[in-house]
Amino acid sequence: MSRTKRVLIISGSVLTVLSLLVGGAFLWLWTGADVNTVGKEPFGNELAIPPLAESRVEKDGTRVFDLRMQLGQKEFKDGRKTSTWGFNGDYLGPTLRAERGEKVRVRVRNGLDEPSTVHWHGMHLPAEMDGGPHQMVAAGASWSPHWTVDQPAATLWYHPHPHGATEKHVQRGLAGMFILDDPASDRLALPGRYGIDDLPLIVQDVTFDGTEFDHGHGMMQNAGFLGERTMVNGTLNPYREVADERVRLRLLNASTARTYTFGFSDDRAFDLVGTDGGLLERPAALERVQLSPGERAEIVVTMRPGERTVLRSYPQDNYGDAWQERFNGGDDSFDVLQLRAADRLRPSPETPDELGTLEVPDGTEAVKARHFDLKRSGINGRAMAMDRVDEIVTRGTTETWTVRNTNGMPHNFHVHDVQFRVLEVNGEAPPAALRGPKDTVFVPNGTTMKLAMRFDGPADPDTPYMYHCHLLYHEDQGMMGQFVVVEKGQQAGRPSEHQH
Ligand code: C2O
Ligand code: CU
Ligand code: CU
């Protein structure tokens, strides 16, 4: 055998062995990458319900809440404590509740040892009260935003928003619900007894490393942190007994990167009655509802005496290519919560056919069209800068915002201060689940969405509101922009580059 032949044979077999090794390693990664907890949850823990926040009403009618961000320890698993952060407690926070027209003030105290903020996600309020990255609260300091509730009944939420660290602050446990009521929806025959037939469900994914949270991002993951199991209201393996024929579930995806497609284990239909910013015009009978991070849905489910059913999250059918599906959570399934119906159920009225009229604009009065190209590296080709105003909006006008994702990975889009109407998805009328007031939408790769919103002010040229991808890792990395609302003809100010 010639020397060249020998060299060829040897290098050939080395190459074969190497490619087998690489292929094997990839196969091993591939098959191990999807997460599935279906049938594996023992449902041994009763679902915790976040307490309603105490409040007091001052002489001028202002409802005042106290929220303290604090370090804590919580026993998620028997006898084992995990370090956590929470509002007024060890993990998550109480549910704030206020009526339309009410003046509210929240006295926020930062008891952490680092600066943070509290943002009122979905709330229409002055920019200075928004709790975005320009309203930092130093460790040990307080902040007392106040505003008048001026929007329909809805399931909103609150969470920190320090630029570059939001994922971390939310993951440690800083999140809570903010429920708004109004007289019109109070009159509807919808289940409404908090914690009884009206259940807040804060869904998060989590991974434990021993007793502590493991927040590591996987090697192949570009979505951010994806946990290997879910919990609801901070309860692992949760079940809930219900004693009413119909139950309203207020679903909040408070996960930092994970998108869920919720449905029931027996594929029963449920009524979708509300989206992020309030009730739909009429209920939609659905078997699945998809929620990306930050989105909410209110559903009414009908129970039969003595039965059990499981709220489950199914694989995503619009998540992008096989790579995204496999390594970024699209293929994953979770058993989220077991509902156990009592042997005798209190009868509930039928879900009403009409729920009200939408207050979000239909776009016909829009005076301006803007376009947003979503890329992980930044929106419209630039990463977030604290001292740059990206968009200037005139108070009292309606606009259309067209959002496009061709980035090859899932993103979503959230706008502060407003609720919007989805006018079009890839040129078509939106599906039922996107026909209510929204402040956050899932924008899968290859999707263009046209949204309509109205900016009712007040004007503040110096203090921006945010728009961003609510996959918090993307947001932290700069997938965020700033807009100010100004009076007609007014110039934008120059926001500070510092988080002050
Ligand atoms: Cu839920 Cu800008 O945030
Ligand atoms: Cu927000
Ligand atoms: Cu994103």
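Just so you know, residue 1 is the first one in the sequence shown, and it goes up from there. Given the structure is predicted, the values throughout are model-derived calculations rather than measurements. Remember, it's 1-based here, ligands and their atoms both numbered in the order they're listed.
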(request) Enumerate the protein N/O/S atoms at a distance below 2.8 Å from atom 1 (Cu) of ligand 1, ignoring waters. (result)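 Sorted hits: His121 ND1, His159 NE2, His470 NE2.
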
(request) May I ask you to test the Phe483-Ile392 pair for a side-chain heavy-atom distance under 4.5 Å? (result)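 When only atoms from C-beta onward are counted, Ile392 and Phe483 do not touch, as no gap falls below 4.5 Å.
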
(message) With a 4.5 Å cut-off on side-chain heavy atoms, are Val106 and Trp120 touching?
(response)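 Yes, their side chains come closer than 4.5 Å.
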
(message) Against Met466, only a single residue in His119, Glu475, His134 fulfils side-chain contact (heavy atoms from CB on, under 4.5 Å); can you say which?
(response)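 In the set His119, Glu475, His134, the residue that makes a side-chain contact (heavy atoms from CB on, under 4.5 Å) with Met466 is His134.
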
(request) Using a cut-off of 2.8 Å, count how many protein N, O or S atoms are strictly closer to the Cu ion (ligand 3). (result)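 Excluding waters, the total comes to 3.
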
(message) Can you confirm if the NZ or CZ of Arg288 lies within 45° of the ring axis of Phe262 and under 6.0 Å from the centre of its six-membered ring?
(response)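 Geometry flag: not set, cation outside 6.0 Å or 45°.
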
(message) Just checking: His119, one of its N/O/S atoms, less than 2.8 Å away from the Cu ion (ligand 2), yes or no?
(response)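 So His119 does bind the Cu ion (ligand 2) by this criterion.
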
(request) Any chance you could measure Arg258, atom CZ, to Leu291, atom CG, to the nearest 0.5 Å? (result)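 So the gap between those two atoms works out to 13.5 Å.
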
(message) For Trp157 and His470, take the angle between the two ring planes, folded into 0 to 90°, and tell me which bin it lands in: parallel under 30, tilted 30 to 60, perpendicular over 60.
(response)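 Plane angle between 30° and 60°, so tilted.
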
(request) Using side chain to side chain donor-acceptor pair (under 3.5 Å) as the criterion, list what pairs up with Glu167, not counting sequence neighbours. (result)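 So Glu167 forms a side chain to side chain donor-acceptor pair (under 3.5 Å) with His217.
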
(message) Tell me if the centroids of the rings in Phe76 and Tyr91 come within less than 6.0 Å of each other.
(response)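 Under 6.0 Å, so yes.
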
(message) Would you say the ring centers of His474 and His411 fall short of 6.0 Å from each other?
(response)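 They qualify: ring centres under 6.0 Å apart.
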
Donor-acceptor contacts, no H, no angles, side chain residues 137-147, under 3.5 Å, sequence neighbours left out:
from: Ser142; atom 1: OG; to: Arg109; atom 2: NH1; distance (Å): 3.2

